[in-house]
Amino acid sequence: MLPPPPAAGAPGALARPRPEAGISVWTLYVDHQLLRPSCDDYALERRACGGGAGTAYRTLEDASRAAMPGTQVVVREGTFTRPFAPARSGTPGAFVVYRSHPGETVTFTGIAEEPALLIKDRAYLAFVGFTVTDVGSWGRLENAEWITIRGNRFTAARARGTRGGLKLVRSRHTVIVDNAFEEGNDNLVVQESDRNLVQGNVFRRGRHSLLSIRCGSLNVVRGNWFSNERQKAAEVYDCEGVSDAPVRLDATRRNLFEDNVFALTRGAGQPHRYNGIQYAGQFGIVRRNVFHDNHGGGLRFHVYPQEALHNYGHRVYRNTFFMNRCFAVSSSAGRGAHFGDTVLDGNLFYRNTGCAGQPAQTGVENAAAVVLRHNALLDAAAASPFRDAEARDLRLRPGVALVDAGGFLARTMSSGSGTALAVDDVKWFFLDSAGVDPAGGDLVQLEGDTVRARIVGIDYITGVLTLDRPLTFTAGQGLALAYEGRAPDMGAYEFTAESTGLSPWTAPGLAFRGLRLSGRR
């Protein structure tokens with residue numbers, strides 16, 4: 001049996017974005033126990049009109065019509081069997097926030113035909129702490145912006161296809177944080193939707209997938225836990241006109257997957273079926289994730305008509321792959337200009353096998369398109385590098401040779417100083433310029449230096465990074481994400497002195513039998 005999901009935000013401590021935070025000018029209550037439609041003397045403790053100072057409504061719809069920007073609508077415990085569509089938007093800094101009363105359960109259920117939550121042509125809204133269960137569709141966001149979905153529980157979506165879950169269509173700047181998604185068809189679909197943040201959620205059991213990004217770009221998927229014994233976990237590809245999607249090819253760019261755990265997928269006899277991530281977009285970044293016990297394979301780059309014809313430009317680094325069957329990483333044999341320029345660096349592979357259980361950790365059929373550059377491959381006889389592999393605590397043990405063994409991602413093109421840094425490959429780095437991601441741009445560090453700077457601009461044409469502080473550099477100097485010690489470590493977890501009480505650069509080295517490093521950067 002697999003261990004339960006780790007604490008929200010694992011592997012690393014993650015900032016919790018709260019774009020809905022602002023000035024609350026008014027609180028309204030929704031209480032279905034009221035004996036009249038509304039009142040201005042609501043008594044909170046008695047849940048009744050008379051003797052109080054609150055404003056309350058019997059229905060959520062009436063409260064929504066009364067809510068103005070900056071209003072907090074607090075819903076008391078109860079069951080709602082009609083779909084809800086908010087009546088109006090908030091404004092920047094003055095969201096309309098719908099939330100359950102602390103310590104009480106508010107449930108939407110029994111809604112078969114329409115989405116339980118329909119957020120269409122709305123902006124600056126937040127939905128916090130609700131339960132949506134046994135419905136056709138959990139919700140739909142369409143032409144929506146700056147919507148927060150936080151701390152909700154979504155279970156048992158009955159509809160088939162992309163309706164059977166929470167679906168974003170042409171929506172931007174959505175923050176989906178700290179929710180639980182369980183037993184949908186496609187639990188979360190991000191379609192034609194850019195610059196959204198999916199962070200700290202638990203995804204379980206989807207009849208088709210747990211997360212699907214379709215012709216959407218610059219989305220951040222961070223610190224989530226995925227487990228799906230029924231099918232695959234995540235998929236990324238273009239749109240080919242299925243369901244209500246348009247035909248949009250070569251349109252799924254620069255999505256970021258980081259700090260996630262892909263803990264289980266269904267077993268498969270072929271490496272393209274039930275992967276942790278089935279990736280067919282463009283210029284994606286997959287970094288610092290843990291893939292373990294995915295019986296249908298860890299990470300797959302696949303090419304097929306029509307939605308997966310354009311698959312190129314990805315950078316995959318500092319991930320840990322453990323006990324995956326059907327290969328930790330695989331690719332199809334697709335040829336041509338639309339498949340290529342994918343590089344894997346600094347990843348840790350241990351005890352992964354092929355689909356038949358053979359000792360083959362990677363199954364890359366096109367080595368020109370998918371290049372393994374400098375990764376650690378430990379054979380099955382090697383000593384475990386992890387703290388507790390049985391419990392799936394895959395942080396590095398003190399003293400292992402994988403500490404400081406990682407290479408640098410890019411190299412500087414010249415010597416100098418300043419905030420403009422030209423490197424040989426900017427595709428390793430990520431920048432969110434829309435303000436959804438609290439991290440903004442990557443925190444980077446030069447080889448042999450302890451000073452760190454944050455990326456505030458990336459020019460993909462000239463290959464120049466713009467930094468928030470000046471650095472001094474020499475030609476050919478390595479550049480990586482911020483690291484401890486002399487160099488980055490192999491795998492998803494950077495070894496730190498704080499985590500063990502040992503200094504990462506003075507702990508005694510421990511060699512591994514069967515350790516192979518592919519190349520050096």
Side-chain angles (χ1 to χ4, degrees), residues 4-10 14-64 66-67 70-84 86 90 95-111 116-117 119 125-135 138-139 147-157 166 175-183 199-204 223-225:
L14 300 172
R16 287 292 187 246
R18 291 185 178 272
E20 77 275 14
I23 299 174
S24 178
V25 298
W26 194 18
T27 296
L28 301 179
Y29 295 93
V30 175
D31 193 336
H32 69 97
Q33 294 183 3
L34 296 185
L35 298 180
R36 58 180 193 259
S38 66
C39 62
D40 292 326
D41 55 357
Y42 179 68
L44 188 62
E45 292 185 0
R46 294 192 300 110
R47 294 189 62 174
C49 295
T55 299
Y57 293 84
R58 188 165 58 199
T59 71
L60 188 55
E61 290 78 11
D62 285 346
S64 178
T71 303
Q72 180 175 227
V73 179
V74 178
V75 186
R76 304 303 304 268
E77 183 159 358
T79 299
F80 296 82
T81 58
R82 292 187 300 182
F84 174 60
F95 277 55
V96 177
V97 178
Y98 296 88
R99 66 171 67 247
S100 62
H101 191 275
E104 298 183 359
T105 301
V106 177
T107 303
F108 291 83
T109 189
I111 305 164
L117 299 175
I119 307 164
L125 302 174
F127 299 84
V128 183
F130 298 112
T131 296
V132 184
T133 185
D134 197 14
V135 296
W138 294 324
I147 307 298
T148 295
I149 309 291
R150 179 192 301 279
N152 303 283
R153 183 169 179 261
F154 298 96
T155 66
L166 178 65
V175 175
I176 301 174
V177 179
D178 295 340
N179 304 281
F181 297 89
E182 186 168 2
E183 292 285 359
Q199 178 173 306
N201 305 282
V202 172
F203 292 88
R204 299 178 189 259
N224 304 282
W225 192 83

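What's counted below: heavy atoms across the whole structure, side chains too, no hydrogens, waters or symmetry copies.
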Any idea which heavy atoms bring [X] and [Y] closest together, and the distance?
X      : Y      : answer
Ser100 : Val106 : CB-CG2, 3.7 Å
Cys49  : Leu34  : SG-CD2, 3.8 Å
Ala66  : Leu28  : CB-CD1, 4.0 Å
Leu44  : Arg76  : O-NH1, 2.9 Å
Gly51  : Ala43  : C-CB, 4.5 Å

To the closest 0.5 Å, what do you measure between [atom1] ([X]) and [atom2] ([Y])?
X     : Y     : atom1 : atom2 : value
Thr79 : His32 : OG1   : NE2   : 6.5 Å
Tyr57 : Tyr42 : OH    : OH    : 13.5 Å
Thr71 : Trp26 : OG1   : CH2   : 6.0 Å

Any non-hydrogen side-chain atom of [X] less than 4.5 Å from a side-chain atom of [Y]?
X      : Y      : value
Phe181 : Ile176 : yes
Phe154 : Ile149 : yes
Gln72  : Phe95  : no
Gln199 : Arg150 : no

Counting only heavy atoms not in Arg153, do more than 12 fall under 6.0 Å of its CZ?
no
Enclosure of Arg46 CZ (heavy-atom neighbours >12, cutoff 6.0 Å):
yes
Side chain to side chain contact (heavy atoms under 4.5 Å, CB included) with Phe127: which of Thr148, Val132, Ile147?
Ile147
If only atom types and distance count, is the side chain of [X] paired as donor or acceptor with the main-chain N or O of [Y] below 3.5 Å?
X      : Y      : result
Thr155 : Thr133 : no
Asn201 : Asn179 : yes
Asn152 : Phe130 : yes
Glu104 : Glu77  : yes

What about Phe84 and Tyr98, are their ring centers closer than 6.0 Å?
yes
Go through it in stages, so that I can follow the logic: the residues are Ser64 and Val73, the test is side chain to side chain contact (heavy atoms under 4.5 Å, CB included), and I'd like the CA-CA distance, side-chain angles, deciding distance and then a yes or no.
CA-CA 8 Å; Ser64 178; Val73 179; over 6 Å; no
For the pair Phe80 and Ile111, evaluate side chain to side chain contact (heavy atoms under 4.5 Å, CB included) and give the outcome as yes or no after the intermediate values.
CA-CA 9 Å; Phe80 296 82; Ile111 305 164; over 6 Å; no
For the pair Arg36 and Asp62, find out whether any cationic side-chain nitrogen is under 4.0 Å from an anionic carboxylate oxygen.
no
